[in-house]
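Because only heavy atoms are used, hydrogens play no part in the values below, and waters and symmetry mates are left out as well, while side chains stay in.
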Amino acid sequence: MSTELASRGRPKAARPARGPGATPRRAFSPGLLFALPFLVLFVLFMLWPLVQGVWMSLTDTSLAARDPSFIGLDNYAEALGDAEMWRTMWHTVWFTVVSTVPLVVVALGMALLVYTGLPGQWVWRLAFFAPYLLPVGVIGLLWGWLYQPDLGLYNHLLRAVGLDGYAWLSDESVALYAIVIATLWWTVGFNFLLFLAALQAVPDHLYEAAALDGAGAWRRLWHVTLPQLRRITGVVTVLQVLASLKVFDQVYLLTKGGPNGSTRPVVEYLYDMGFTGYRLGYASAIAYVFFALIVLASAVQFVALRRREK
């Protein structure tokens with residue numbers, strides 16, 4: 001009895017105090033549990049296909065053969081020497097150059113128009129953004145009708161003012177630019193929203209200070225608004241370049257890469273190699289060559305943006 005009372009009377013030993021930077025035990029467990037579904041899906045649908053694609057590019061995998069064999073870097077060597085692949089790569093790069101500039105400039109102009117207080121702003125916002133919500137199948141049908149040589153709206157308008165119509169989608173000299181116009185109408189709404197959000201975040205006191213200094217509307221635009229939009233302009237440009245490099249859907253629906261392959265992008269070429277020519281291994285090699293070029297272009301853009309910010 002005395003021993004039990006003595007043991008009860010003893011003070012409990014104090015636990016060692018944790019330092020200010022110590023992490024509580026099992027603090028990561030709830031976060032890991034919540035992130036687990038995403039991690040599983042990421043591994044299944046991103047990492048595993050990437051690894052499988054790399055392995056496939058090193059083999060002669062074909063839809064017509066069951067037992068692929070390892071061939072090393074032969075597919076990459078063939079791809080680097082493939083004139084048609086470089087031709088489609090050039091089409092993709094040129095489409096990116098021609099489409100990125102108007103998709104950034106026009107989106108900025110649309111955002112400035114809405115931000116300056118046009119009457120009925122909700123109508124303008126809806127009109128500018130609504131085309132972006134349309135599926136690509138609708139875009140293909142709509143612009144295919146607009147570009148129709150005999151009954152299309154554009155040729156009808158040209159003939160109404162005494163000009164000759166164009167074979168918009170079957171003339172090698174204009175087909176790619178016709179796709180650029182359709183892409184501009186379809187996707188400019190997304191960039192418009194990004195610019196509009198950035199404009200609404202510009203501090204009002206900057207405009208007030210410029211007005212007190214006697215700056216007019218154009219000076220406020222050049223010396224206040226545009227400098228404040230420098231970062232978002234860089235982000236929009238990078239996103240647009242990456243999106244344009246992956247062009248496929250609207251080209252396939254409107255021209256199928258024609259006429260004479262003049263609008264064929266590299267994504268369509270690797271699609272044809274893989275699912276029409278049955279050469280999945282070679283198509284995978286083309287995909288990874290293209291992926292390397294996209295990574296290089298992205299790195300150059302990020303370096304340029306960092307230097308501009310400094």
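Under the 4.5 Å side-chain criterion, counting only non-hydrogen atoms from C-beta, L50 is not in contact with V54. For the pair S298/V295, no side-chain contact is recorded, criterion being any heavy-atom separation below 4.5 Å from C-beta on. Counting only heavy atoms from C-beta outward, the side chains of V104 and L108 never approach each other to under 4.5 Å. Side-chain atoms of D60 and P68, non-hydrogen and from C-beta on, do get closer than 4.5 Å to each other. The side-chain heavy atoms of E268 and T88, taken from C-beta on, include no pair separated by under 4.5 Å.
Across all non-hydrogen atoms, the minimal contact from A285 to S57 is N-CB, 3.6 Å. Closest approach of A175 to P259, counting heavy atoms only: CB-CD, 3.8 Å. Looking at every heavy atom in both residues, L270 comes nearest to V267 through CG-O, 3.3 Å. Nearest heavy-atom pair across G137 and L253 is CA-CD1, 4.0 Å. Nearest approach of F195 to V236, heavy atoms of both residues: CE1-CG1, 4.0 Å. Nearest heavy-atom pair, D164 versus L158, reported as atom, atom and distance to 0.1 Å: O-CD1, 3.8 Å.
Note on L32: it does not cluster hydrophobically with L41, by side-chain heavy-atom contacts below 4.5 Å among ILVMFWY residues. Hydrophobic clustering (side-chain heavy atoms under 4.5 Å, transitive across Ile, Leu, Val, Met, Phe, Trp, Tyr) groups L146 together with W186. Connection of W145 to V136 is not established within any shared hydrophobic cluster, with ILVMFWY side chains joined at heavy-atom distances below 4.5 Å, either directly or through further cluster members. Linking Ile, Leu, Val, Met, Phe, Trp and Tyr whenever their side-chain heavy atoms come within less than 4.5 Å puts L113 and W222 in one cluster. Put simply, L80 and I294 are part of the same group of oily side chains (I, L, V, M, F, W, Y) that touch within less than 4.5 Å, one to the next.
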W55 and T61: CA distance, side-chain angles, deciding distance, side-chain contact (heavy atoms from CB on, under 4.5 Å) verdict: CA-CA 10 Å; W55 168 252; T61 303; 6.0 Å; no
side-chain contact (heavy atoms from CB on, under 4.5 Å) assessment of L226 paired with T233: CA-CA 9 Å; L226 294 183; T233 302; over 6 Å; no
side-chain contact (heavy atoms from CB on, under 4.5 Å) assessment of L242 paired with V238: CA-CA 6 Å; L242 295 179; V238 171; 4.2 Å; yes
Residues L112, L221; criterion side-chain contact (heavy atoms from CB on, under 4.5 Å); working and verdict: CA-CA 9 Å; L112 289 172; L221 173 64; 3.9 Å; yes
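Other residues, nucleotides and ligands contribute more than 12 heavy atoms inside 6.0 Å of the CH2 atom of W185. Atom CG of D67 has 12 or fewer neighbouring heavy atoms from other residues, nucleotides or ligands inside a 6.0 Å radius. The environment of F34 atom CZ is sparse: at most 12 non-hydrogen atoms of other residues, nucleotides or ligands sit within 6.0 angstrom. Atom OH of Y76 has more than 12 heavy atoms from other residues, nucleotides or ligands within 6.0 Å.
Among the candidates N191, T96, V235, the single residue satisfying the side chain to side chain contact (heavy atoms under 4.5 Å, CB included) test with Q240 is N191.
D171 meets the side chain to side chain donor-acceptor pair (under 3.5 Å) test with S173; sequence neighbours excluded. With sequence neighbours excluded, the residues that form a side-chain contact (heavy atoms from CB on, under 4.5 Å) with P102 are V106, L184. For the side-chain contact (heavy atoms from CB on, under 4.5 Å) test, residues two or more places apart in sequence or in another chain that qualify with Q148 are D150, L151. Take A215 and apply the side-chain contact (heavy atoms from CB on, under 4.5 Å) test, not counting sequence neighbours, and it matches A210, R219, R220.
To the nearest 0.5 Å, atoms CD1 (I179) and CG (L169) are separated by 7.0 Å. For the atom pair CG (L58) and CD1 (I71), the distance works out to 8.0 Å, reported to the nearest 0.5 Å. A distance of 11.0 Å separates CD1 of I232 from CG of L196, quoted to the nearest 0.5 Å. Atom OH of Y288 and atom CE of M56 lie 9.0 Å apart (nearest 0.5 Å). For the atom pair R230 CZ and Q228 CD, the distance stands at 9.5 Å (nearest 0.5 Å). Taken from CE in M110 to CZ in F192, the straight-line distance is 5.5 Å, to the nearest 0.5 Å.
With H91 contributing its side chain and L176 its backbone, the two residues share no donor-acceptor pair below 3.5 Å. The backbone N or O of V266 sits less than 3.5 Å from a side-chain atom of T92, completing a donor-acceptor pair. Of the possible polar contacts, one joining the N155 side chain to the Y166 backbone as a donor-acceptor pair under 3.5 Å is found.
Aromatic ring pairs are classed by plane angle as parallel below 30°, tilted from 30° to 60° and perpendicular above 60°; the pair Y154 and Y147 is tilted.
Note on residues 270-280: pairs passing side chain to side chain donor-acceptor pair (under 3.5 Å), not counting sequence neighbours, are E78-R279, R264-D272. The side chain to side chain donor-acceptor pair (under 3.5 Å) contacts involving residues 245-263 comprise E172-N260, T183-Q250, T255-T263, where partners must be two or more places apart or lie in separate chains.
With hydrogens and angles left out, the side-chain atoms of Y207 and T225 include a donor and acceptor closer than 3.5 Å.
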